[in-house]
Amino acid sequence: MSQTPDSAVRTYIEQHCSAFLDDLAEWLRIPSVSAQPDHAPDVQRSADWLAAKLLETGFPTVEVWPTPGAPAVFAHWPAEDPHAPTVLVYGHHDVQPAAREDGWDSEPFAPEVRDGRLYARGAADDKGQVFFHTLGVRAHLAATGRTAPAVHLKLLIEGEEESGSPHFRALVESRADRLAADAVVVSDTGMWSEDTPTVCTGMRGLAECEIRLYGPDQDIHSGSFGGAVPNPATAAARLVAALHDEHARVAVPGFYDGVVELTDRERELFAELPFDEARWLRTAKSYAAHGEAGHTTLERVWARPTAEVNGIGGGYQGPGSKTIIPASAMVKLSFRLVAGQDPDHIEKAVRAWVDEQVPDGIRHETVFAAATRPCLTPLDHPALRSVARAMGRAFGTPVLFTREGGSGPAADLQEVLGAPVLFLGISVPSDGWHAPNEKVELDLLFKGVETSAYLWGDLAEHWREAS
């Protein structure tokens with residue numbers, strides 16, 4: 001039987017929690033800040049430290065993979081059953097910059113436990129959530145008497161996530177044969193709250209562009225020429241005004257092509273979450289909810305595509321007046337994409353829309369950055385059900401489901417490897433990712449360990465049943 005006895009798992013975790021925290025604290029002391037070149041040796045040291053610890057955990061294959069930037073760590077522990085499913089765990093070992101003068105109550109790279117919380121940069125994002133898998137797999141083995149996990153277990157822990165993962169997709173493409181998996185588990189995410197455990201089922205994608213508009217060859221007098229030549233700043237304003245219709249839907253023709261609509265069941269599950277819109281608005285430092293008609297706030301930020309104006313400029317910006325027609329203007333736009341949308345199609349649609357909107361006499365160019373694709377795993381997928389069951393066992397309550405409004409490298413794994421992506425995280429909003437006094441709740445961290453211990457057996461058993 002592949003199920004892991006709960007009491008045996010919990011006993012093992014209790015017996016080894018102190019050593020686990022000592023090891024995690026040692027890792028957290030390494031300031032692996034990928035965004036700062038001075039810390040490049042520390043990022044390398046972090047990768048080497050993790051590689052050594054994974055060997056100690058029992059992974060027979062552990063490698064540090066160099067990239068043109070920071071190194072990633074790969075590990076593989078084959079199951080005894082050659083027909084067992086293969087699972088790839090993703091996370092990252094680099095962290096955001098941090099300094100005591102930023103507002104920390106203690107040194108950010110000197111971990112401290114206070115009131116049941118571990119404070120340090122990386123405690124939640126993402127070293128703590130990567131590291132709980134090491135104790136989890138050992139608990140899984142100890143409780144079941146196995147000598148290898150119930151699944152073929154792989155880890156890919158990158159070193160540049162906090163710098164935008166600039167080399168990640170190329171790494172995954174070049175190592176796709178080594179990374180091949182039936183499912184990907186991303187442990188770089190969180191839950192709704194401490195008392196509402198949740199599993200994320202998808203993330204939105206992202207496309208970004210800058211539209212540059214050019215009028216006269218230089219700023220010219222608005223009295224001598226105003227009203228007689230086109231104004232690029234006016235063209236920019238008209239572009240922005242035309243971006244949405246009166247129902248706050250994106251007005252770019254073809255923008256909604258292929259969108260996977262929410263099912264009734266998904267809408268019901270969203271509605272079960274204890275969402276307080278007034279509190280959410282306070283967090284957003286905003287004064288009213290707004291968005292596409294016919295959808296709730298959670299649906300808008302998790303499951304609907306959007307277009308946002310990130311910047312607009314042109315002409316004189318200094319004090320007083322300067323009566324000119326400016327030579328140029330610009331608009332920066334970002335588009336959050338949902339399952340079914342193709343970034344290449346969005347780029348073509350936006351370019352065609354801009355060409356149609358810009359008046360004669362205004363030269364323009366639209367420059368797109370590299371896009372991130374959306375990812376979504378259906379609620380009835382056997383791997384997602386395993387994650388939900390494992391977390392439910394650890395927390396002693398059924399879990400609910402969320403999506404993530406942001407974007408990340410998970411979509412690259414889904415697209416390149418052709419595997420569904422599951423999100424297993426135990427962090428909560430108060431953990432302060434990227435902020436001073438980042439922390440992780442220790443009771444939740446060990447719930448993550450417990451979830452990991454249950455997951456591999458559940459996946460092996462129910463994946464076989466589903467197949």
Side-chain angles (χ1 to χ4, degrees), residues 35-37 68-69 97 163-167 204-257 284-288 290-292 305-337 341-372 406-407:
Q36 297 177 340
S163 297
S165 302
H167 304 103
R204 293 193 292 189
L206 176 64
E208 302 173 271
C209 71
E210 180 175 326
I211 303 165
R212 301 163 186 168
L213 304 159
Y214 306 98
D217 290 337
Q218 63 181 35
D219 294 349
I220 56 177
H221 196 291
S222 64
S224 300
F225 301 102
V229 297
N231 185 319
T234 301
R238 289 186 181 278
L239 271 177
V240 169
L243 189 58
H244 298 88
D245 67 15
E246 66 273 19
H247 303 295
R249 283 177 60 86
V250 180
V252 175
F255 183 78
Y256 292 92
D257 290 353
K285 303 294 190 294
S286 193
Y287 303 96
H290 174 75
E292 184 183 359
T306 64
E308 293 294 344
V309 179
N310 307 128
I312 180 171
Y316 181 64
Q317 305 288 325
S321 64
K322 186 178 183 182
T323 53
I324 59 168
I325 295 172
S328 64
M330 69 83 186
V331 178
K332 291 180 181 287
L333 303 177
S334 63
F335 304 90
R336 296 289 175 172
L337 310 180
Q341 286 183 298
D342 178 11
D344 293 337
H345 172 75
I346 295 300
E347 178 176 339
K348 292 175 183 176
V350 171
R351 289 184 183 279
W353 173 77
V354 173
D355 291 344
E356 181 68 24
Q357 295 291 321
V358 174
D360 292 341
I362 297 292
R363 293 165 290 120
H364 67 280
E365 58 180 336
T366 304
V367 180
F368 272 82
T372 300
S407 307

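Positions are given from 1 along the sequence.
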Inset, instruction - Return the orientation label for the F368 and F335 ring planes: parallel under 30°, perpendicular over 60°, tilted otherwise. - result: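 The rings of F368 and F335 lie parallel, inter-plane angle below 30°.
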Donor-acceptor contact below 3.5 Å, side chain [X] vs main chain [Y]:
{"X": "H345", "Y": "G254", "value": "yes"}
{"X": "H364", "Y": "P232", "value": "no"}
{"X": "H247", "Y": "R249", "value": "no"}
{"X": "R238", "Y": "Q357", "value": "no"}
{"X": "Y256", "Y": "V250", "value": "yes"}

Inset, instruction - Can you sort out the partners of R204 under side-chain hydrogen bond (donor to acceptor under 3.5 Å, both in side chains), two or more places apart, ordered by chain and number? - result: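 Counting only residues at least two positions away or on another chain, R204 forms no side-chain hydrogen bond (donor to acceptor under 3.5 Å, both in side chains).
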Taking the side chain as every heavy atom from C-beta outward, state whether [X] and [Y] have any atom pair closer than 4.5 Å.
{"X": "L243", "Y": "V252", "value": "yes"}
{"X": "V358", "Y": "I211", "value": "no"}
{"X": "P230", "Y": "D360", "value": "no"}
{"X": "M330", "Y": "I312", "value": "no"}

Closest approach of [X] to [Y] (non-hydrogen atoms, all atoms of both residues):
{"X": "I362", "Y": "A235", "value": "CG1-CB, 4.4 Å"}
{"X": "W353", "Y": "L239", "value": "CH2-O, 3.4 Å"}
{"X": "D257", "Y": "Q341", "value": "O-CG, 4.2 Å"}
{"X": "Q36", "Y": "P97", "value": "NE2-CB, 3.5 Å"}
{"X": "T366", "Y": "R351", "value": "O-NH1, 2.6 Å"}
{"X": "A349", "Y": "P253", "value": "CB-O, 3.6 Å"}

Legend entry - Approximate separation, where rounding is to 0.5 Å, of I346 CD1 and L206 CG: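 If I round to the nearest 0.5 Å, the distance is 11.5 Å.
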Inset, instruction - Mind checking the NE2-CD spacing from H244 to E308? Nearest 0.5 Å is all I need. - result: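 Atom-to-atom, H244:NE2 and E308:CD are 6.0 Å apart.
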For a quick test of your reading: what N or O donor-acceptor pairs under 3.5 Å do the side chains of residues 315-325 make, sequence neighbours left out?
{"unit_1": "Y316", "atom_1": "OH", "unit_2": "P319", "atom_2": "O", "d": "2.6"}
{"unit_1": "Q317", "atom_1": "NE2", "unit_2": "G314", "atom_2": "O", "d": "3.1"}

Legend entry - Name of the residue among V367, L333, V354 meeting side-chain contact (heavy atoms from CB on, under 4.5 Å) with C209: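 Result for side-chain contact (heavy atoms from CB on, under 4.5 Å) with C209: L333.
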Legend entry - Qualifying residues under salt bridge (Lys or Arg N to Asp or Glu O under 4.0 Å), relative to R363, sequence neighbours excluded: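 R363: salt bridge (Lys or Arg N to Asp or Glu O under 4.0 Å) contacts with D217.
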